[in-house]
Amino acid sequence: MDKNVIASDKAPAALGPYSAGIKTGNMVFLSGQLGIDPATGKMPEGVEAQATQSLANVEALLAAAGATFDNVVKTTVFLADIADFAKVNEIYASKFSQPFPARSAVQVGALPAGGLVEIEVIAAL
């Protein structure tokens with residue numbers, strides 16, 4: 001099995017000992033993306049801004065793997081507060097088209113770096 005690291009200068013570097021993404025065969029697995037702006041290394045204020053940046057980071061990594069949002073088959077959305085679901089869902093919906101990927105959305109106790117939302121995806125090429 002070959003494992004190729006996926007990275008992009010348009011997405012933030014990993015915050016720990018993991019890859020931003022791995023491509024193996026026709027599958028792409030992206031680690032959860034916080035709303036960190038790769039240009040500044042900081043997260044914007046508010047869940048909407050962080051969701052928008054998180055999806056921009058996902059998009060950059062998908063592009064580095066030769067994929068788009070249309071290739072995404074599964075997503076997981078981690079929220080610091082499930083009350084933000086509707087706000088994040090509206091931004092999320094703007095990036096995907098039918099048939100929509102399978103998705104899980106959960107509230108977690110806390111996210112790294114004080115994030116409000118983190119999104120991970122699996123794509124098939």
Side-chain angles (χ1 to χ4, degrees):
M1 171 181 69
D2 58 325
K3 291 190 331 184
N4 299 302
V5 174
I6 304 300
S8 172
D9 59 359
K10 295 179 182 174
L15 297 178
Y18 61 90
S19 299
I22 293 289
K23 180 179 176 186
T24 183
N26 70 335
M27 300 298 297
V28 176
F29 301 86
L30 297 187
S31 296
Q33 293 299 303
L34 294 165
I36 297 172
D37 181 335
T40 65
K42 299 184 185 299
M43 273 190 274
E45 293 291 323
V47 71
E48 293 100 331
Q50 287 187 26
T52 299
Q53 185 62 56
S54 172
L55 287 165
N57 296 341
V58 166
E59 187 170 29
L61 291 167
L62 286 170
T68 69
F69 283 111
D70 288 337
N71 296 100
V72 175
V73 296
K74 172 70 169 84
T75 69
T76 306
V77 178
F78 302 97
L79 296 163
D81 186 347
I82 199 70
D84 290 329
F85 178 80
K87 294 175 190 173
V88 172
N89 196 48
E90 186 174 335
I91 294 161
Y92 174 98
S94 73
K95 293 293 186 178
F96 294 97
S97 57
Q98 292 187 1
F100 298 112
R103 177 179 71 182
S104 301
V106 297
Q107 177 175 311
V108 295
L111 289 168
L116 301 175
V117 61
E118 181 175 354
I119 301 171
E120 70 177 29
V121 307
I122 300 171
L125 303 176

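Position 1 is the first residue of the sequence; numbering continues from there.
I22 forms part of a hydrophobic cluster together with V5, judged by ILVMFWY side-chain heavy-atom separations under 4.5 Å. Under a 4.5 Å side-chain heavy-atom cut-off, the cluster of Ile, Leu, Val, Met, Phe, Trp and Tyr residues that includes F100 is completed by I6, V28, L30, V47, L55, V58, L61, L62, F69, V72, V77, L79, I82, F85, V88, I91, Y92, F96, L116, V117, I119, V121, L125.
Note that the CD atom of Q33 and the CD atom of E118 stand 7.5 Å from one another [nearest 0.5 Å]. Rounded to the nearest 0.5 Å, atoms CD (E120) and OG1 (T76) are 4.0 Å apart. Atom-to-atom distance recorded for L15:CG and L34:CG is 6.5 Å, nearest 0.5 angstrom. Note that the CG atom of D37 and the CD atom of Q53 stand 4.5 Å from one another [nearest 0.5 Å].
There is no path of hydrophobic side-chain contacts, each under 4.5 Å, that joins I122 to V106. Placement of Y18 and M27 in two distinct hydrophobic clusters is found when ILVMFWY residues are connected by side-chain heavy-atom separations under 4.5 Å, directly or transitively.
Scanning for salt bridge (charged side-chain N to carboxylate O under 4.0 Å, His left out) contacts around E59 gives K95, with sequence neighbours left out.
Taking all atoms of both residues into account, the shortest heavy-atom contact from S31 to S19 is OG-O, 2.6 Å. Between A64 and S8, the shortest heavy-atom distance links the atoms CB-CB, 4.2 Å. The two residues V73 and A124 have their closest heavy-atom pair at CG1-CB, 4.1 Å.
Counting heavy-atom neighbours within 6.0 Å of Q107 CD, excluding the residue itself, gives a total above 12. For K74, the NZ atom is densely surrounded, since the number of other residues' heavy atoms within 6.0 Å is greater than 12.
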Please report the C-alpha distance between D81 and K87 in whole Å, then the side-chain angles of each, then the deciding distance to 0.1 Å, and finally whether the side-chain contact (heavy atoms from CB on, under 4.5 Å) criterion is met.
CA-CA 11 Å; D81 186 347; K87 294 175 190 173; over 6 Å; no

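Residues P38 and N57 have side chains in contact (heavy-atom distance under 4.5 Å, counting atoms from C-beta outward). Residues Q50 and P44 are in side-chain contact: their nearest non-hydrogen atoms beyond the backbone lie under 4.5 Å apart.
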